[in-house]
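Small disclaimer: the values here were computed from a predicted structure and weren't measured.
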Amino acid sequence: GKLEKEAGKKIGGCSSHSGGSVKLGVPPSSRFFAMAALAKSLASKGNRLVTFARPHFETFSKHARRELGPPTDFGAVQREATALWAKAPKWTNTPVRRAFQNGLVCVEIAMWFFVGEIIGKRNFIGYKTK
């Protein structure tokens, strides 16, 4: 009722406020305490988040240093690459039928690309430049 109307009124026309407005009914001290309570709440939530995340971050850091760092033994890298290359199938041992099938798959992929380009530019030849 009346208190809500009073709280909704604005102060205007004061030389100290020059067009600004302040709501009546809410003392500045209660706004300060509300902001202080909000800051305290956010601080406690932040502390809980840090407490929860610290072990996870330490585990992540340990694995990231180990896995994302540069290799230290280049001989091992070369041996692994050679072993992997030895396991790969040789293209010279591929039967003619399988090579033909692989060629058809490559042609199909190329055709999908060209059809997508035609659909994207909405024209069969060239782009419309109007």
Side-chain angles (χ1 to χ4, degrees):
K2 184 177 179 184
L3 184 58
E4 292 165 350
K5 288 181 184 179
E6 287 293 321
K9 286 185 182 178
K10 306 238 180 207
I11 299 174
C14 260
S15 62
S16 63
H17 288 81
S18 65
S21 61
V22 175
K23 289 193 175 193
L24 291 175
V26 181
S29 60
S30 67
R31 282 182 287 194
F32 172 76
F33 289 123
M35 290 299 290
L38 178 64
K40 183 178 177 183
S41 170
L42 290 176
S44 69
K45 288 177 183 175
N47 288 337
R48 284 191 293 164
L49 178 66
V50 169
T51 304
F52 172 78
R54 179 164 288 153
H56 298 287
F57 182 72
E58 288 171 357
T59 303
F60 168 77
S61 298
K62 181 178 71 170
H63 292 303
R65 275 193 297 275
R66 170 92 173 116
E67 298 296 329
L68 299 177
T72 54
D73 185 15
F74 291 105
V77 172
Q78 187 177 12
R79 286 190 299 275
E80 290 291 327
T82 305
L84 184 62
W85 188 258
K87 291 179 186 177
K90 303 282 186 237
W91 66 272
T92 55
N93 296 336
T94 306
V96 174
R97 179 183 176 98
R98 184 68 180 166
F100 182 71
Q101 289 173 346
N102 290 345
L104 285 178
V105 168
C106 291
V107 168
E108 180 184 11
I109 291 170
M111 289 299 115
W112 278 114
F113 171 77
F114 293 130
V115 168
E117 282 288 311
I118 291 170
I119 291 170
K121 63 187 174 184
R122 297 176 187 235
N123 197 5
F124 192 71
I125 300 173
Y127 289 93
K128 293 182 181 180
T129 57
K130 288 186 178 181

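In the hydrophobic cluster analysis, where Ile, Leu, Val, Met, Phe, Trp and Tyr join through side-chain heavy atoms closer than 4.5 angstrom, I109 is grouped apart from L104.
Going from atom CG of L49 over to atom CG of L42 covers 11.5 Å, rounded to the nearest 0.5 Å. A distance of 14.0 Å separates CD1 in I119 from CZ in F114, rounded to the nearest 0.5 Å. Rounding to the nearest 0.5 angstrom, the gap separating the CZ atom in R66 from the OG1 atom in T72 is 7.0 Å.
Formation of a donor-acceptor pair under 3.5 Å by the S41 side chain with backbone atoms of A37 is not found in this model.
You'll find the side chain of R79 reaches within 4.5 Å of the side chain of D73, heavy atoms only. With a 4.5 Å cut-off on side-chain heavy atoms, Q101 and V105 do not count as touching. Between F60 and H56, every side-chain heavy-atom pair lies at or beyond the 4.5 Å cut-off. Within the 4.5 Å cutoff, the side chain of S61 has no heavy atoms near those of the E58 side chain.
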